[in-house]
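To start, the structure itself, in structure tokens.
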Amino acid sequence: MGRGVRIMDQFEEIRNIQTDMLVIGSGVAGMLAVVGAMRCGIKPVIATKSTYASGSSSMARGGHSLAIGHSDPTDNTEIFFEDIKKGGEDLCNERLIDIVATESIDRSAELDEWGLGLIKNDDGLYDQVTGGFPHRYPRMVHCKRLMGKPLMAALSNKTKSWGIDPITHVIFVDLLIEDGRVVGAWGFLYREGTPVVIHAKSTVIATGGAPQLHTLNDSPPIVTGDGYAMAYRAGAELIDMEFIDYQVLTAAPEKLAGYPCYSTGLLGGGGHLLNGLGERFMKNYDPDRMEKTTRAMNTRAMATEIFEGRGTEKGNIHIDIRHVFDEINQGPGKSIVATLLKNGIDLSTDLFEVNAAPHTFLGGIKIDEWGRTTVDGLYAGGEAAGGIHGANRLGGLALIDSYVFGFRSGMAAALESKNQEDPDPESGGWRETIQGLADRSERRGTGPMARDWRQEIQDHVVKSLGQVRSEDRLSEGLSGLNTLEQCFEDVDVSGKSTRIRFENLCNMFESNNLITVARMLGTAAKLRKETRGGHFRIDYPDRDDNNFLGNYVVWKGEDKCEIELRTVPKRDDIAPAPPGSYTTDFDAMSDGQVKAQ
């Protein structure tokens with residue numbers, strides 16, 4: 001690593017860092033990228049916008065799905081592959097889901113070895129519970145409590161034991177590009193106003209999704225689509241950006257708004273969805289499976305009931321588990337029951353209000369099975385990457401996606417870095433961008449305050465680009481984004497201290513990224529004139545395989561978002577392996593040593 005140097009009067013220092021490999025994001029995918037790199041003998045720099053560890057992974061709930069056959073010995077990875085494909089409504093990259101179905105077993109075993117604490121039965125086999133339709137077997141392994149905290153602790157403790165020293169509270173504004181190759185990233189420490197420039201032989205984006213496009217969501221406020229937007233501006237292709245995994249979240253009382261209520265367990269365990277009239281409305285949408293249908297169908301039905309005026313007085317839906325309270329309170333749903341009780345809602349006697357909101361983004365930066373993007377030197381893993389889930393995600397698949405492709409992207413990026421020269425410390429045009437940051441930090445702006453601009457963007461997206469979509473609403477939404485974007489240079493970022501001023505700058509850059517993500521979403525959603533999975537067109541309510549059995553891929557054109565419908569990649573679409581020696585088999589790395597290759 002290099003030392004900060006005094007080169008501009010506006011800043012006391014600029015932190016210049018040179019490294020073999022940079023990982024942006026410290027959720028599960030980012031930390032697994034570190035694991036993959038360490039196994040190949042490379043110690044990366046990992047940087048995060050919050051503390052270490054952080055991100056949506058901390059909100060993980062019931063568990064993750066594995067085809068290990070402990071619930072039923074007839075289950076296997078081939079059946080799991082078929083279920084993932086069906087759940088994704090035939091838009092999943094088959095090569096990616098083949099790998100995730102198999103390698104998730106070893107990644108999960110490593111995590112449990114590091115202290116995850118998965119529950120085992122008396123026979124020593126993992127306890128597996130239902131993950132909902134279309135899983136044909138109970139596959140969800142769990143900790144009998146919310147999984148986020150033990151998962152993050154297991155990974156952060158392990159990586160820290162290897163001497164990983166993360167950079168925290170840094171927002172990266174953009175990637176550094178030189179001769180068409182990513183050579184790092186630049187940003188600033190928003191709590192102290194110090195610019196950061198990191199040059200790297202390879203870079204992994206593991207920044208999660210963009211749930212802050214919606215006011216109601218279940219993710220930390222730092223998850224704002226930064227990785228999507230940076231990759232887009234760098235020329236990378238993104239895939240399936242119209243698909244969002246809407247999930248059922250607590251909507252009232254206000255202090256619990258966005259609280260993840262583990263709907264997979266509540267509804268999979270026999271809970272009912274009721275509209276404002278007290279009707280169990282799922283009989284009108286999936287009379288055979290009712291609430292045990294796909295999460296996309298449940299949330300789509302909820303949105304329709306509310307859109308057509310049958311929601312509660314507050315515009316929500318009720319969940320009723322009174323008739324199955326004892327069963328749910330004895331499983332992973334116990335912590336949800338306890339939390340709601342502490343806030344005055346007794347699920348043994350009361351209904352509670354929920355609504356549909358973004359849980360995970362199903363698309364993302366287009367990758368191959370090694371996390372390679374379409375831009376040299378750039379990799380992606382976890383929710384930042386796309387192609388795995390297709391149109392809808394199975395229960396318990398988000399985490400294993402991050403396990404497998406966080407790890408693989410880190411391994412491949414590390415192996416590639418061994419064959420690359422150090423980037424020129426002056427490459428990427430960072431001096432000009434830092435000068436621009438200095439100028440902007442000193443200019444107050446005559447437009448809305450940064451936080452108010454964020455709220456305007458969120459309100460606009462929910463109204464016009466949200467879950468219930470139509471031609472008119474999408475056209476209005478895209479047009480409105482252009483108007484909102486014009487405010488960027490005038491956003492008021494003033495503050496009484498350096499910290500407040502740079503936190504406002506951080507908010508401003510994040511909000512601009514949200515506009516970029518919303519434009520990709522709206523462009524793809526407008527062209528997909530059908531309803532499929534996490535994409536609901538009220539004017540085209542049916543699935544249309546004749547015209548839309550493919551993935552929309554977007555990229556940055558000269559003056560617009562370019563888009564193309566492409567064939568879904570098949571199982572035999574195999575990408576070249578990374579250079580050098582490697583293995584993806586189980587390895588607990590218990591000696592704490594970087595692996596020599």
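This is a predicted model, so every value here is computed, not measured.
With W430 contributing its side chain and P425 its backbone, the two residues share a donor-acceptor pair below 3.5 Å. Between the side chain of R566 and the backbone N or O of V553 there is no donor-acceptor pair closer than 3.5 Å. With hydrogens and angles ignored, the 3.5 Å screen pairs a side-chain donor or acceptor of T207 with a backbone N or O of G227. Remark: the backbone N or O of K366 is not paired with any side-chain donor or acceptor of E237 at under 3.5 angstrom. A distance-only check finds a donor-acceptor pair linking the side chain of W453 to the backbone of L484 [under 3.5 Å]. Checked by atom type and distance alone, the side chain of R443 pairs as donor or acceptor with a backbone atom of E489 at under 3.5 Å. Looking at Q467, its side chain never comes within 3.5 Å of a backbone N or O of F536 through a donor-acceptor pair. Proximity of a side-chain donor or acceptor of T373 to a complementary backbone N or O of L378 within less than 3.5 Å is detected. In terms of modelled atom types and a separation under 3.5 Å, the side chain of D376 and the main chain of V182 share no donor-acceptor contact. Counting only distance, with no hydrogens or angles, the side chain of E369 and the backbone of A575 share a donor-acceptor pair below 3.5 Å.
With hydrogens and angles left out, the side-chain atoms of T168 and T48 include no donor and acceptor closer than 3.5 Å. Neither side chain, D422 nor H199, offers a donor N or O lying under 3.5 Å from an acceptor on the other. Side-chain contact check for E503 and N507: no donor-acceptor pair (N or O, by modelled atom type) lies under 3.5 Å. When only modelled atom types and interatomic distance are considered, N504 and R499 share no side-chain donor-acceptor pair under 3.5 Å. In summary, the side chains of N482 and Q486 do not present any donor paired with an acceptor at a separation below 3.5 Å, with no hydrogens or angles considered. A side-chain N or O of K526 and one of S475 form a donor-acceptor pair less than 3.5 Å apart. A side-chain N or O of D492 and one of S494 form a donor-acceptor pair less than 3.5 Å apart. Counting only N and O atoms by type, the side chains of Y552 and T523 include no donor and acceptor under 3.5 Å apart. In the model, T360 has a side-chain atom that pairs as donor or acceptor with a side-chain atom of D245 under 3.5 Å. Of the N and O atoms on the side chains of S219 and N217, not one donor lies less than 3.5 Å from an acceptor on the other residue. No side-chain N or O of D218 forms a donor-acceptor pair with one of Q247 less than 3.5 Å apart.
Partners of S464 by side chain to side chain contact (heavy atoms under 4.5 Å, CB included), not counting sequence neighbours, listed by chain and number: H460, E476. Partners of R451 according to the side-chain hydrogen bond (donor to acceptor under 3.5 Å, both in side chains) rule, which considers only residues two or more places apart in sequence or in another chain, do not exist here.
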I'd like to know whether M520 forms a side chain to side chain contact (heavy atoms under 4.5 Å, CB included) with Y232, so could you lay out the CA-CA distance, the side-chain angles of the two residues, the decisive distance to 0.1 Å, and finally the verdict. CA-CA 9 Å; M520 290 187 272; Y232 177 80; 3.5 Å; yes
Walk me through it: do L111 and Y403 pass the test side chain to side chain contact (heavy atoms under 4.5 Å, CB included)? CA-CA 9 Å; L111 287 164; Y403 298 167; 3.5 Å; yes
Between E383 and R393, does a salt bridge (charged side-chain N to carboxylate O under 4.0 Å, His left out) hold up when you go through it step by step? CA-CA 11 Å; E383 194 176 344; R393 180 178 65 77; over 6 Å; no
Do I515 and N513 pass the side chain to side chain contact (heavy atoms under 4.5 Å, CB included) test, and can you show the C-alpha distance, the side-chain angles, and the key distance before you say yes or no? CA-CA 5 Å; I515 290 175; N513 287 338; over 6 Å; no
Show, in sequence, the C-alpha distance, side-chain angles and deciding distance for C561 and K556, and conclude whether the side chain to side chain contact (heavy atoms under 4.5 Å, CB included) test is met. CA-CA 5 Å; C561 179; K556 187 177 184 297; over 6 Å; no
As a quick check of understanding, evaluate side-chain hydrogen bond (donor to acceptor under 3.5 Å, both in side chains) for D472 and S470, giving each step before the final call. CA-CA 6 Å; D472 291 344; S470 67; 5.7 Å; no
Verify salt bridge (charged side-chain N to carboxylate O under 4.0 Å, His left out) between E242 and R469, making sure each step is shown before the conclusion. CA-CA 11 Å; E242 68 271 36; R469 301 167 179 170; over 6 Å; no
List the steps and the verdict of side-chain hydrogen bond (donor to acceptor under 3.5 Å, both in side chains) for T19 and K43. CA-CA 9 Å; T19 182; K43 189 175 182 179; over 6 Å; no
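The side chain to side chain contact (heavy atoms under 4.5 Å, CB included) test with Y379 is passed by exactly one of I365, D368, V204: V204.
Remark: R181 engages E416 in a salt bridge, criterion side-chain N to carboxylate O under 4.0 Å. A salt bridge links E426 and R431; the closest N-O separation between the charged side-chain nitrogens and carboxylate oxygens is under 4.0 Å. For the pair E421 and K201, the salt-bridge criterion is not met [side-chain N within less than 4.0 Å of a carboxylate O]. For E510 and R454, the salt-bridge test passes: some basic side-chain N is under 4.0 Å from an acidic carboxylate O.
Counting non-hydrogen atoms of neighbouring residues, nucleotides and ligands closer than 6.0 angstrom, the CZ atom of R444 reaches no more than 12 such neighbours. For D179, the CG atom counts as loosely surrounded, since its 6.0 Å shell holds 12 or fewer non-hydrogen atoms of other residues, nucleotides or ligands.
L155 has its side chain within reach of W114: a pair of non-hydrogen atoms, C-beta onward, lies under 4.5 Å apart. W186 has its side chain within reach of T433: a pair of non-hydrogen atoms, C-beta onward, lies under 4.5 Å apart. Residues I167 and I198 have side chains in contact (heavy-atom distance under 4.5 Å, counting atoms from C-beta outward). Side chains of V183 and I177 form no contact here, defined as non-hydrogen atoms less than 4.5 Å apart. Taking 4.5 Å as the limit, every side-chain heavy atom of I14 sits out of range of all side-chain heavy atoms of T194. At a threshold of 4.5 Å between non-hydrogen side-chain atoms, the residues L415 and W370 do not count as touching. Looking at Q420 and S202, their side chains never come closer than 4.5 Å, going by heavy atoms from C-beta outward. Residues L175 and R233 are not in side-chain contact: their nearest non-hydrogen atoms beyond the backbone lie 4.5 Å or more apart.
With rounding to the nearest 0.5 Å, the separation of CG in D424 from CG in L176 is 11.5 Å. Here OG1 of T51 is found 7.5 Å from CD1 of I222. Values are rounded to the nearest 0.5 Å. Note: K255 NZ to T250 OG1 = 12.5 Å, rounded to the nearest 0.5 Å. If you take CG on L249 and OG on S263, they are separated by 7.5 Å, rounding to the nearest 0.5 Å. The CG atom of L481 sits 10.5 Å away from atom CG of L514, with the distance rounded to the nearest 0.5 Å. From L256, atom CG reaches atom NZ of K342 across 12.0 Å, with rounding to the nearest 0.5 Å.
Figure legend: R107 and F407 shown as a cation-pi pair, the cationic atom lying under 6.0 angstrom from the six-membered ring centre and within 45 degrees of its axis.
Residues V375 and G180 approach most closely at CG1-O, 3.9 Å, considering heavy atoms.
The stretch residues 237-257 participates, sequence neighbours left out, in these ring-ring contact (aromatic ring centres under 6.0 Å, His included) pairs: H214-Y246.
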